[in-house]
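For clarity, every value in this text was computed on a predicted model and none was experimentally measured. Both backbone and side-chain heavy atoms feed into the values below; hydrogens, waters and symmetry mates do not. So you know, we letter chains A, B, ... as the sequences are listed, proteins then strands, and number each from 1.
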There are 2 protein chains.
Amino acid sequence: MNAPIVNPALTKNQTLVFDALNRAEGPMSAYTILDKLRDHGFRAPLQVYRALDKLTEFGMVHRLESLNAFVACAHRESECCGGSHNHGQGTVAFAICESCNQVIEFHDHEVDHHLGDWAKSKGFKPSKTTIEIRGLCEKCAA
Amino acid sequence: MNAPIVNPALTKNQTLVFDALNRAEGPMSAYTILDKLRDHGFRAPLQVYRALDKLTEFGMVHRLESLNAFVACAHRESECCGGSHNHGQGTVAFAICESCNQVIEFHDHEVDHHLGDWAKSKGFKPSKTTIEIRGLCEKCAA
DNA sequence: TGCCACACGTTATAGCATAACGCAATTGAT
DNA sequence: ATCAATTGCGTTATGCTATAACGTGTGGCA
Ligand SMILES: [Zn+2]
Ligand SMILES: [Zn+2]
Ligand SMILES: [Zn+2]
Ligand SMILES: [Zn+2]
């Protein structure tokens, strides 16, 4: 059994940003987060970006490249790979509804495997892989 | 045999942008393209973005979401799915070297299939899928 | 001829992200 | 305890990415 990364102690700003993302139903841009936190003393984008950098590093927040926005990690203890916020080697993938902005976070080991094989066959050393599916969620497609 | 999409007639601006991307070794941002085309009369970002929109629609150019940049499509006649600029149903994937900025365009039918299965199982209707692997190419990893 | 669709040019503005500075709090030796 | 190194923080300014809104010109076509 692999010890999951222990939840690091968050600073005040990191906590505020993380809580804001968790309260939100969907992804938020850094500037949207900033606006939500003005009442808590936030004045400048860097306060948000610095917190987001750390939270992303901790695996507690993901950046959605196709949206220039951020979401709280949706992994829960019951997930297949165990451990909150521990994505291990696995690549996280996202399905993003363009109608209701819902984001479904998942990972697919088969996809990981095939992309890993491709990389190995080309001698390419991956550092970060982005998989984002834009489309319509079940409700919105109906 | 499936008739590939015929290469559409390009306007002057579209041709200039496409040629600039083809001449470039790697991806370019819209503003970099703008700078390269100032001598050809380009003055404003919209001239570039409008051309890029069309070229992307034609499948002749791809946007790299994780870079906010654009590359000319690297598919050639000899590729597996036949037909230049005809990606059919397949999702295009990119491996991006963070050292030399080389971009390798490929597609992996198995990956497509697995992501398609996932979507079907969730009732999600994909419209566009982004797959980008950041890392080091064979030469730069050595 | 009048209409429509489309490419184009221009100006202005919106939205996303980081550089560079200085200060304060924390940590971890010595 | 003290010094040095690290880290977080706040602020100002700047840079990069993308689109809104307006008007012009042109070619196809009823
Ligand atoms: Zn996650
Ligand atoms: Zn939806
Ligand atoms: Zn292509
Ligand atoms: Zn390289």
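Protein atom OH of A/Y49 is 18 Å distant from nucleotide atom C1' of D/dC9, rounded to whole Å. We find that CG of B/L52 is positioned 14 Å from C1' of D/dT19, with the value rounded to whole Å. For the pair A/E65 CD and D/dT17 P, the interatomic distance rounds to 14 Å; values are reported in whole Å.
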Collect all protein-nucleotide pairs involving nucleotides 25-27 of chain D in which both atoms are nitrogen or oxygen and the distance is under 3.5 Å.
none

Please write out the pairs of protein N or O atoms and N or O atoms of nucleotides 10-13 of chain D separated by less than 3.5 Å, giving the distance to one decimal.
residue : atom : partner : partner atom : Å
D/dG10  : OP2  : A/N13   : ND2          : 2.8
D/dG10  : OP2  : A/Q47   : NE2          : 2.7
D/dG10  : N7   : A/R50   : NH2          : 2.2
D/dG10  : O6   : A/R50   : NH1          : 3.2
D/dG10  : O6   : A/R50   : NH2          : 3.1

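Listed by first and then second residue, the side-chain hydrogen bond (donor to acceptor under 3.5 Å, both in side chains) pairs involving residues 128-142 of chain A are A/S66-A/E132, A/S66-A/R134, A/E98-A/R134 (not counting sequence neighbours).
Put simply, OG1 on A/T32 and CZ on A/F70 are 10.5 Å apart, with the number rounded to the nearest 0.5 Å.
A/L64 and A/L21 fall into different hydrophobic clusters, where Ile, Leu, Val, Met, Phe, Trp and Tyr are joined by side-chain heavy atoms under 4.5 Å apart, directly or via other members. Both B/M28 and B/L55 are assigned to one and the same hydrophobic cluster, defined by single-linkage of ILVMFWY side chains at heavy-atom distances under 4.5 Å. By the criterion of side-chain heavy atoms lying less than 4.5 angstrom apart, applied directly or through intervening Ile, Leu, Val, Met, Phe, Trp or Tyr residues, B/F94 is not grouped with B/V61; the two fall into different hydrophobic clusters.
In the 5' to 3' direction, nucleotides of DNA chain C lying under 4.0 Å from heavy atoms of chain A begin and end at C/dC16 to C/dA20.
An angle of 30°, rounded to 10°, separates the two end axes of the helix from C/dT1-D/dA30 to C/dT30-D/dA1, each defined over five pairs.
Relative ring orientation between B/F106 and A/W118 is described as parallel, the plane-to-plane angle staying below 30° on a 0-90° scale split at 30° and 60°.
Within 6.0 Å of the CD atom in A/E57, the count of heavy atoms belonging to other residues, nucleotides or ligands exceeds 12.
Listed in residue order, the members of residues 27-34 of chain A having a heavy atom less than 4.0 Å from DNA chain D come to none.
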